[in-house]
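So the structure is just underneath, and the comments pick up after that.
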2 protein chains.
Amino acid sequence: MVKSKNTLYICFVESYLRKIVKRKEEKELSTTTEEKIKIAARLVFHKKGYSATRTRDIAEEAGINLALLNYYFRSKEKLFDIIMFETIFDFMQNMARVLNDEKSSLEKKVELIASNYIDLITKEPNIPIFMLSEIRNNAEGLLEKLPLKQSLMNSAFFKQHQKAVADGKIIEPNPLHFLMNLLGLTIFPFIGKPLLQGIRGLNDKQFNNMMQERKKLIPVWIKAMMKAK
Amino acid sequence: MVKSKNTLYICFVESYLRKIVKRKEEKELSTTTEEKIKIAARLVFHKKGYSATRTRDIAEEAGINLALLNYYFRSKEKLFDIIMFETIFDFMQNMARVLNDEKSSLEKKVELIASNYIDLITKEPNIPIFMLSEIRNNAEGLLEKLPLKQSLMNSAFFKQHQKAVADGKIIEPNPLHFLMNLLGLTIFPFIGKPLLQGIRGLNDKQFNNMMQERKKLIPVWIKAMMKAK
DNA sequence: ATTATTTTTAATCAATTGATTAAAATATTT
DNA sequence: AAATATTTTAATCAATTGATTAAAAATAAT
């Protein structure tokens with residue numbers, strides 16, 4: 001059976017549209033194999049780190065055949081690099097978005113950083129240790145590749161801090177102390193959680209409650225610290 | 001991978017203390033093979049973590065034949081348990097000694113914790129991430145077995161904090177917030193170092209200078225924070 | 001000096017693990 | 001309906017790695 005030019009064209013358009021529709025359906029409802037692997041890889045890598053995870057762990061978690069991991073991502077390392085990059089990027093992007101905002105005040109920025117990261121890390125508690133230990137191990141150059149560095153360097157945050165110092169509103173002139181303090185107060189409790197749970201009996205619910213409290217406490221504390229001398 | 005045996009850690013405490021005494025008595029100059037392995041193991045484990053270190057790495061670092069590691073320590077896991085225990089023990093003992101001191105004031109305790117840990121971690125910068133990531137992975141029960149927990153629970157620190165709250169000198173009543181803040185301000189910068197170095201160009205000397213500054217800044221900051229509301 | 005004990009070495013094992021391959025199953029195109 | 005392309009599977013490979021062994025070397029005991 002020979003199709004006319006018309007029907008050929010219609011067939012082409014139809015198949016093209018079918019692909020698009022299918023891709024949308026896959027995105028919305030079911031996840032593709034490739035995505036299933038990425039989701040599983042993120043979970044396992046975050047939890048155990050690069051060296052302790054076996055590709056078989058990821059395959060099992062994703063419910064797929066081991067060979068598919070290499071079929072879609074070539075190697076464990078390549079897959080890890082993707083997960084690593086996306087994790088750091090998401091993490092830093094959140095910070096960059098807040099710190100670069102010219103409109104919000106310094107106080108508001110502190111509030112947002114604390115609030116955003118407490119929510120983010122409460123959802124995925126393994127992210128800080130994963131990021132920081134894997135950066136130390138392998139990806140020294142990874143941070144350099146991130147496009148966020150430049151934007152952060154000359155961000156509104158640093159300008160505002162400088163101005164506050166000039167106006168005498170902040171005593172300590174080094175903005176890195178400010179940033180360390182903010183991140184330390186926000187992120188460290190998640191990292192030190194097992195230590196604190198070891199010192200005093202503290203269950204997960206109590207811990208999460210404390211972290212919610214800190215959303216309001218950290219801005220107050222930071223404000224007081226910066227005026228101290 | 002099951003690393004923790006219940007009775008194991010009590011044995012560690014005893015043998016560890018015995019060995020310290022013995023070593024003081026002997027005042028040995030040259031290091032035995034066993035000690036060479038332990039020193040190398042500590043170095044490599046701290047740097048790379050349990051999973052990423054190969055027994056061959058340790059053997060090479062120690063300059064000994066691979067088989068000697070198993071001859072003296074039976075297995076990688078057993079050797080790791082020893083290193084892990086000694087690391088945590090030293091780390092916590094420092095804290096316990098300060099927090100339990102009935103004579104020193106709360107202010108003095110803050111000063112000592114900041115100063116001691118900044119010196120300690122400057123010498124061995126890998127300790128925090130090593131400890132906290134390995135605790136997370138395997139040795140959940142390890143902290144429970146440490147004899148330091150009990151002494152910390154009812155330490156002078158918590159009593160003094162409670163009194164300061166009652167006297168209205170400290171606003172936030174939860175002592176864990178206090179401890180989180182102190183440790184976060186002190187330890188986090190070491191953990192977040194690569195991140196901060198990524199955001200702003202910061203070499204090792206500048207970083208160490210900042211940490212020395214923080215010895216004096218942290219007590220001032222903590223004081224101001226606790227009075228804020 | 002000889003024997004016994006301890007320590008060290010080289011060679012090797014067995015299990016694990018990342019990766020590959022060829023065939024089967026499924027989906028798509030013609 | 002047949003051909004083609006894509007995806008999935010089972011089997012297997014090669015390298016790594018923790019651990020063992022038997023012999024050699026060094027040390028201690030007799």
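Reminder, nothing fancy here: chain letters follow the sequence lines and each chain counts from 1. What you see is a predicted model, and the numbers here were worked out from it, not measured in a lab.
Within 4.0 Å (heavy atoms only), Phe73(A) reaches no atom of the nucleic acid at all. Here Ser51(A) lies out of heavy-atom contact (under 4.0 Å) with every strand. Here Leu69(B) lies out of heavy-atom contact (under 4.0 Å) with every strand.
Using a 4.0 Å cut-off between charged nitrogen and carboxylate oxygen, Lys78(B) and Asp81(B) do not count as a salt-bridge pair.
By the 6.0 Å and 45° rule, Lys76(B) stacks over the aromatic ring of Tyr50(B). A cation-pi arrangement is not found for Lys47(A) relative to Phe130(A), the charged atom failing to lie both closer than 6.0 Å to the ring centre and inside a 45° cone about the ring normal.
Side-chain proximity of Ala67(B) to the nucleotides dT16(D), dT7(C), dT9(C) is greatest for dT9(C). The side chain of Thr55(A) lies closest to dA19(C) when the candidates are dA19(C), dT20(D), dT17(D). Among the nucleotides dG18(D), dT9(C), dA19(C), the one closest to any side-chain atom of Lys76(B) is dG18(D). The side chain of Arg54(B) has dG18(D) as its nearest neighbour among dT8(D), dA19(C), dG18(D).
One finds a side-chain N or O of Asn70(A) lying less than 4.0 angstrom from the OP1 or OP2 phosphate oxygen of dA19(C).
A straight line from CZ of Phe80(A) to C1' of dT17(C) spans 17 Å, rounded to a whole angstrom. For Leu68(A) and dA10(D), the CG to P distance is 11 Å, given to the nearest whole Å.
Judged by distance alone, with hydrogens and angles left aside, Arg56(B) brings a side-chain donor or acceptor within reach of the base of dG18(D), the pair sitting under 3.5 Å.
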**Q.** Criterion ring pair (Phe, Tyr, Trp, His ring centres under 6.0 Å) on Phe207(A) and Phe190(A), from CA distance to verdict
**A.** CA-CA 9 Å; Phe207(A) 177 82; Phe190(A) 292 102; 5.8 Å; yes

